[in-house]
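Step one of this worksheet: look at the structure below.
Note that the coordinates shown come from a computational prediction; the quantities given were computed from them, not determined experimentally.
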Amino acid sequence: PLRVAPGRYVLETSVQDVESSKFSARRAVLVVPPVSKFRLSEPVLVRRTEAVQGEPEADDPLVMREQRVVPALVDSLKGGKGAQIPLYFLLYSNAGAKPKVLVDVLKDEKLIARHSPGSDAADSTGKSTFLVNLPAEALSPGQYELRITATHEQAAAQERLFVTIE
């Protein structure tokens, strides 16, 4: 992963097709906002978990209790009997805090289901990990929004992930 300080960056890339000797170049602006103390990570769909080999980096966001989360590279899942939506995200808050977390499943802006995943209190760094298997057996094919909301005292954070059920 690329780790950069908050600020405005310009990313310049170029590619050459060796066979045709053609080039292409792009310039994009990347704005990294300041980090809030109370925040959610970007949620990911989970492909699998596996045992950590060796000593993991202390700040590796994909390590949870000696397990490494391997993100799915797709945003669609098969529906039907026994279907689940495996979801992983982090919440950063104060050490020992136990914020309230809700995961809403919406279709066409209508609330279909609400889940309140349990979690341990935040660790000494203020990080709480969530690995949630949302039931999807009753979901009809289509696009859904997973809206994660965390609150604690006066603080609030929200993230979204869109997923397609086939």
Side-chain angles (χ1 to χ4, degrees), residues 1-6 9 11 13 15 26 28 30-33 35-107 112-152 157-166:
L2 174 65
R3 294 185 175 111
V4 296
Y9 299 88
L11 177 64
T13 57
V15 178
R26 293 270 169 150
L30 174 67
V31 177
V32 178
V35 177
S36 168
K37 179 75 174 163
F38 188 83
R39 68 189 192 283
L40 286 161
S41 70
E42 184 175 328
V44 296
L45 294 177
V46 178
R47 181 175 177 192
R48 69 177 183 277
T49 59
E50 57 191 26
V52 173
Q53 303 296 321
E55 189 65 31
E57 289 184 39
D59 62 347
D60 187 339
L62 296 176
V63 172
M64 179 181 111
R65 295 185 209 101
E66 308 304 319
Q67 293 287 308
R68 179 173 311 284
V69 173
V70 178
L73 300 178
V74 296
D75 63 355
S76 61
L77 300 166
K78 295 220 181 284
K81 187 171 173 102
Q84 294 185 329
I85 302 172
L87 181 66
Y88 177 74
F89 58 94
L90 302 171
L91 173 62
Y92 298 94
S93 59
N94 295 320
K98 196 126 165 82
K100 181 179 180 182
V101 176
L102 295 174
V103 180
D104 292 336
V105 180
L106 299 101
K107 184 173 186 182
I112 304 296
R114 172 169 280 167
H115 304 276
S116 182
S119 172
D120 301 330
D123 67 15
S124 62
T125 67
K127 181 174 75 172
S128 299
T129 56
F130 292 84
L131 180 59
V132 184
N133 286 307
L134 302 172
E137 189 171 301
L139 299 179
S140 61
Q143 187 175 44
Y144 291 84
E145 176 186 348
L146 306 178
R147 187 179 299 163
I148 303 157
T149 306
T151 56
H152 183 67
Q158 189 173 77
E159 285 290 334
R160 293 181 166 103
L161 177 69
F162 292 89
V163 61
T164 301
I165 301 296
E166 298 174 342

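Annotation: the span from Thr49 atom OG1 to Arg68 atom CZ amounts to 11.5 Å, rounded to 0.5 Å. Atom CZ of Phe162 sits about 12.5 Å away from atom CG of Leu45, to the nearest 0.5 Å.
With contacts defined as side-chain heavy-atom distances shorter than 4.5 Å, the pair Leu146/Val105 qualifies. Side-chain contact check for Lys107 versus Leu139: every heavy-atom pair is 4.5 Å or farther apart. Using a 4.5 Å heavy-atom cutoff, the side chains of Val132 and His115 are not in contact.
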Identify all side-chain donor-acceptor contacts of residues 71-95 below 3.5 Å with residues at least two apart in sequence or on another chain.
{"residue": "Ser76", "atom": "OG", "partner": "Glu166", "partner atom": "OE2", "Å": "3.3"}
{"residue": "Lys78", "atom": "NZ", "partner": "Glu166", "partner atom": "OE1", "Å": "3.4"}
{"residue": "Tyr88", "atom": "OH", "partner": "Pro61", "partner atom": "O", "Å": "2.7"}

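Closest approach of Ala136 to Ile165, counting heavy atoms only: CB-CD1, 4.5 Å. Of all heavy-atom pairs spanning Val44 and Leu161, the tightest one is C-CD2, 4.2 Å. Here the shortest heavy-atom pairing between Glu159 and Leu40 reads CG-CB, 3.7 Å.
Under the salt bridge (charged side-chain N to carboxylate O under 4.0 Å, His left out) criterion, Glu66 pairs with no residue, sequence neighbours left out. Partners of Asp123 by salt bridge (charged side-chain N to carboxylate O under 4.0 Å, His left out), not counting sequence neighbours: none found. Scanning for side chain to side chain donor-acceptor pair (under 3.5 Å) contacts around Arg48 gives Glu50, with sequence neighbours left out. For Arg114, the salt bridge (charged side-chain N to carboxylate O under 4.0 Å, His left out) partners at least two apart in sequence or on another chain are Asp104. With sequence neighbours left out, the salt bridge (charged side-chain N to carboxylate O under 4.0 Å, His left out) criterion links Glu145 to Arg147, Arg160.
Screening Val70, Leu131, Leu62, Asn133 against Val46 for a side-chain contact (heavy atoms from CB on, under 4.5 Å) leaves a single residue, Leu131.
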Side chain to side chain contact (heavy atoms under 4.5 Å, CB included) between Thr149 and Val101: does it pass, once the steps are laid out?
CA-CA 6 Å; Thr149 306; Val101 176; over 6 Å; no
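Under 3.5 Å, the side chains of Thr164 and Gln143 contain no donor-acceptor pair of N or O atoms.
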